[in-house]
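What follows is a single structure, written as structure tokens, with notes after it.
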Amino acid sequence: MSTSIKTFVFFDLETTGLPQDNPKVTEICLVAVHRCSVENPPRDPATGVPQLPRILDKLCLFMDPGKTVTPKAAEITGLNNINLAKSEKQTFDARTVALIQEFLQRQAQPVCLVAHNGNGYDFPLLKAELVHQGQDLVGQVYCLDTMKALRDLDDYDCPPGGSYTLSALYRRFFKEDPKDSHFAEGDVLAMLVIFLYKASELLEWASTKCGTWAAVKPMYNVQLQQTG
DNA sequence: TGCCAGGCCCTCTTTAGGGCCTT
């Protein structure tokens, strides 16, 4: 399979917990970048860190998960049942799905969702939330897991015992900690900068090794949300 | 009652086991 992706949509979820908890989403952030902004990105001459594209679309939403946020998740994300309820956030409902659909459809097609450990976490969880609403993404949507891709590309310079967490990769490439770790937008922007740093290799990798959204299975079995 | 994520990667591997990675 060879793909000609026009838009990369970097995204991250903050949630109530890990997969064994059948988690629900508390925050989603999507940042869409056209292919032309990924090819040959400019770098800060002093630090070598790639500069964020001037043109990018951003969608960040918080939501009431409708279940208890685990203490660990609340600790690392700063999101809990009290502050989300106090802010009167909506659940992940049909309007949330519509916003995400519109956001994706206004991008140049086809789009590729990009997430760190996306195959193991973000993709199946987003799929579960969509299935819960009786919906799914429309059109041809591709998926790229930056952890899998960077591991594939790392054969030649992986440090022994090197970690592939988002923050460890950021420290390895840029010698500093990423900002706003475990804020969805912070993690998305850290992933975007890492992607830009390895842009030529990742674009080549993406041309033949992307997955498809259609092949993503929900993280867990969900019952259809009753409407009306 | 008892279950409790799972695909990927590495190695002391392939008739397997254990750690990683995501909140």
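Computed from heavy atoms alone, side chains included, the values below leave out hydrogens, waters and symmetry copies. Residue numbers start from 1 in every chain, and the chains themselves are labelled A, B, ... in the order their sequence lines are given, proteins ahead of strands.
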Problem - Step-by-step salt bridge (Lys or Arg N to Asp or Glu O under 4.0 Å) determination, A/R35 to A/E39 - result: CA-CA 6 Å; A/R35 182 184 192 91; A/E39 294 169 331; 3.1 Å; yes
Problem - Duplex segments of DNA chain B, taken as runs of at least three Watson-Crick or G-U pairs that stay under 3.5 Å - result: B:5-11 with B:16-22
Handout entry: Nearest-angstrom distance, P atom, B/dT14 to B/dG2
Key = 34 Å
Exercise for the section: May I have the step-by-step check of salt bridge (Lys or Arg N to Asp or Glu O under 4.0 Å) for A/R171 and A/E176, ending in yes or no? Expected result: CA-CA 5 Å; A/R171 282 192 293 270; A/E176 62 181 18; over 6 Å; no
Exercise for the section: Would you mind reading off the distance between A/N221 atom CG and B/dC4 atom C1', rounded to a whole angstrom? Expected result: 14 Å
Problem - Value in whole Å for how far the C1' atom of B/dT23 lies from CZ of A/F92 - result: 16 Å
Handout entry: Separation of B/dT22 C1' from A/K72 NZ (nearest whole Å)
Key = 13 Å
Exercise for the section: Report yes if at least one side-chain N or O of A/S163 is closer than 4.0 Å to OP1 or OP2 of B/dC21; otherwise report no. Expected result: yes
Problem - A/N117 versus A/Y164, side-chain donor and acceptor atoms under 3.5 Å - result: no
Exercise for the section: Round to a whole Å and report the spacing from CZ of A/F183 to C1' of B/dT22. Expected result: 18 Å
Handout entry: Inter-nucleotide P distance (B/dC21, B/dT15), Å rounded
Key = 27 Å
Practice task
Pick base, sugar-phosphate or nothing for A/L13, based on heavy-atom distances below 4.0 Å to the nucleic acid.
Solution key: sugar-phosphate
Practice task
Give the rounded distance in Å between these two atoms: CG of A/L18 and P of B/dG6.
Solution key: 13 Å
Problem - Presence of A/H116 side-chain N/O under 4.0 Å of B/dC21 phosphate oxygens OP1/OP2 - result: no
Handout entry: Euclidean distance, atom CE of residue A/M219 to atom C1' of B/dG6 [Å, nearest integer]
Key = 10 Å
Handout entry: Comparing A/T26 and A/P19 on DNA chain B - which has the more 5′ nearest nucleotide
Key = A/P19
Problem - Inter-nucleotide P distance (B/dT13, B/dG18), Å rounded - result: 14 Å
Problem - B/dC12 and B/dG17, which share atom name C1', separated by this distance in whole Å - result: 11 Å
Practice task
Would you kindly say whether A/Y170 and A/S181 are connected by a side-chain donor-acceptor distance under 3.5 Å?
Solution key: no
Problem - side-chain hydrogen bond (donor to acceptor under 3.5 Å, both in side chains) partner of A/T146, chosen from A/H116, A/R151, A/K198 - result: A/H116
Problem - Listed partners of A/V222 passing side chain to side chain contact (heavy atoms under 4.5 Å, CB included), at least two apart - result: A/A128, A/V131, A/H132, A/Y220
Problem - Length of the CZ-P vector between A/F62 and B/dT23, whole Å - result: 14 Å
Practice task
Look at the side chain of A/Q20 and decide which nucleotide, out of B/dT22, B/dA5, B/dC9, has an atom nearest to it.
Solution key: B/dA5
Practice task
Give a yes/no answer on whether the side chain of A/K148 brings an N or O atom under 4.0 Å of OP1 or OP2 in B/dC9.
Solution key: yes
Practice task
May I ask you to say what A/D12 touches in the nucleic acid, namely base, sugar-phosphate or nothing, with a heavy-atom cut-off under 4.0 Å?
Solution key: sugar-phosphate
Handout entry: Rounded C1' spacing from B/dT23 to B/dG6 in Å
Key = 16 Å
Practice task
For the residue pair A/P65 and A/T16, establish whether any side-chain heavy-atom pair is separated by less than 4.5 Å.
Solution key: yes
Exercise for the section: From the options B/dA5, B/dT23, B/dC9, select the nucleotide whose nearest atom is closest to the side chain of A/D187. Expected result: B/dT23
Handout entry: Nearest-angstrom distance from the residue atom CG of A/D122 to C1' of B/dG7
Key = 14 Å
Handout entry: Polar contact flag, side-chain donor to acceptor under 3.5 angstrom, A/Q107-A/D57
Key = yes
